[in-house]
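Please find one structure pasted underneath; my questions will follow.
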Amino acid sequence: MLGTNFPSEKYLPKDCRSLLSNVTNIISNSDITFGNLEGCISDNAKLKKRCKDSTKCYAFRMPDKFGACLKSIGLDVVSIANNHIMDFGTEGLSNTKKVLNSLDIEYAGTIEDPYTIFVKDSVTYGFCAFSPNKGTQSINNYQEAVKIVNLLNEKCDIVIASFHGGAEGKEHQHVTKEIEFYYGENRGNVYRFAHELIDAGADIIFGHGPHVTRAIELYKNRFIAYSLGNFCTFKRFNLEGVNGISPAIKIDVNTFGEFQKGEIIAIKQIKEGIPVIDPSKEVIKKIRELTNDDFKFSKLVINDKGEIFKKEE
């Protein structure tokens, strides 16, 4: 979320390229780069989200020109399944897709666009995304999610899935393995959901939504990140403590989608929400701690550098 021109342009950075300059080389250095697009892209789509006070409303609308910044960090595919993509209704969503199409950035996660299939470097990728929010593919509809993943598994070499799920904030850093509720909303059982998707043929799963980092897991030799926290959320997010540390996770898989090795790149947000490399590597320590707590028999080892390996049998 690179800033928003609603309710005021004071919530925009002067230059979205400089906002990302500290991490661009790292993020773009991959075969495929994924991110969650938290909000729509539009200059002037009309607000549809209900707010008691529009001056304090958390609704995210990035200007059209900011699309180029997403491209500049090498994003290949984004999730549009989250609780802010419909803040400005179908007008905002339609324009978001128009901008992403113009930049050749793939996307998925709505009822109309449940998945996407694309080819890069002779590899066919399938991507799908889910959330508990209106207009998106539901994280609580296991039957439909499995159906989508089955389809992608038949057509693609590598299947990547994403979910926006789980309760939010520092009190909700752990994977409970149960249905999580937040503000009276069913935010899904992310543990069951991730496992069902891998059973159906998914190879890599990236979670987001809690706004804090969560544990990682290896299931059937497939990689799961249960939450990647906040990466670049300019001005409108709480970035205190654990809310401000965020990993970029790099995963190597073989041609069958099986996990080979990985790396947690320690990033934190400073000032109003500027991502920078964190020399203290706080997020690496946090992910290791949470993984050891939540998965006592974890098949993964995380060293001090953030390198991720499979435990030797």
Taking the cut-offs as 6.0 angstrom to the six-membered ring centre and 45 degrees off its axis, would you call R192 and Y142 a cation-pi pair?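 Satisfied, under 6.0 Å and within 45°.
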Verify side-chain hydrogen bond (donor to acceptor under 3.5 Å, both in side chains) between Y219 and D199, making sure each step is shown before the conclusion. CA-CA 9 Å; Y219 173 65; D199 288 340; 2.7 Å; yes
Atom SG of C69 and atom CE of M62: how far apart are they, to the nearest 0.5 Å?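 One finds 10.5 Å between SG of C69 and CE of M62.
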For a side chain to side chain donor-acceptor pair (under 3.5 Å) with Y107, tell me which candidate from N101, T116, T96 qualifies.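 Looking at N101, T116, T96, the match for Y107 under the side chain to side chain donor-acceptor pair (under 3.5 Å) is N101.
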Lys/Arg N to Asp/Glu carboxylate O, D104 vs K71, below 4.0 Å: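 Salt bridge absent between D104 and K71.
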Aromatic ring pairing Y191/H195, orientation class (parallel under 30°, perpendicular over 60°, tilted between):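 Aromatic pair Y191/H195 classed tilted.
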Would H174 and D294 count as a side-chain hydrogen bond (donor to acceptor under 3.5 Å, both in side chains) here? Give the steps. CA-CA 7 Å; H174 291 281; D294 293 350; 2.7 Å; yes
Classify the angle between the aromatic ring planes of F163 and Y226 as parallel (below 30°), tilted (30 to 60°) or perpendicular (above 60°).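 Ring orientation of F163 relative to Y226: tilted.
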Quick one: do K177 and E217 make a salt bridge, cutoff under 4.0 Å?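 The answer is no: the pair does not qualify as a salt bridge.
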If I take atom OG1 from residue T136 and atom NZ from residue K134, how far apart are they, to the nearest 0.5 angstrom?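 So the OG1 of T136 and the NZ of K134 are separated by 11.5 Å.
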Can a side-chain donor-acceptor contact be found between R236 and Y58 if the only test is distance below 3.5 angstrom?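 No.
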Shared hydrophobic cluster for V276 and V23 (ILVMFWY, side-chain gaps under 4.5 Å):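 Same cluster.
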Just say parallel, tilted or perpendicular for the rings of H208 and F34, cut-offs at 30° and 60°.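 The rings of H208 and F34 sit tilted, inter-plane angle from 30° to 60°.
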Would you please classify the geometry between the F88 ring and the F6 ring as parallel, tilted or perpendicular, with 30° and 60° separating the classes?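 Rings of F6 and F88: perpendicular, over 60°.
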Measuring from atom NZ of K49 to atom CG of N83, what distance do you get when rounded to the nearest 0.5 angstrom?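 It is 7.0 Å, given to the nearest 0.5 Å.
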Quick one: pull up CG in L20 and CG in L2 and give me the separation to the nearest 0.5 Å.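 Reported value, rounded in 0.5 Å steps: 5.5 Å.
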Between OG1 on residue T291 and CD1 on residue I302, distance to nearest 0.5 Å: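 So the gap between those two atoms works out to 4.0 Å.
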Passes side-chain hydrogen bond (donor to acceptor under 3.5 Å, both in side chains), T233 versus Q269? Steps please. CA-CA 8 Å; T233 50; Q269 292 193 69; 3.0 Å; yes
Spacing of K97 atom NZ and D113 atom CG [to the nearest 0.5 Å]: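 It comes to 4.0 Å.
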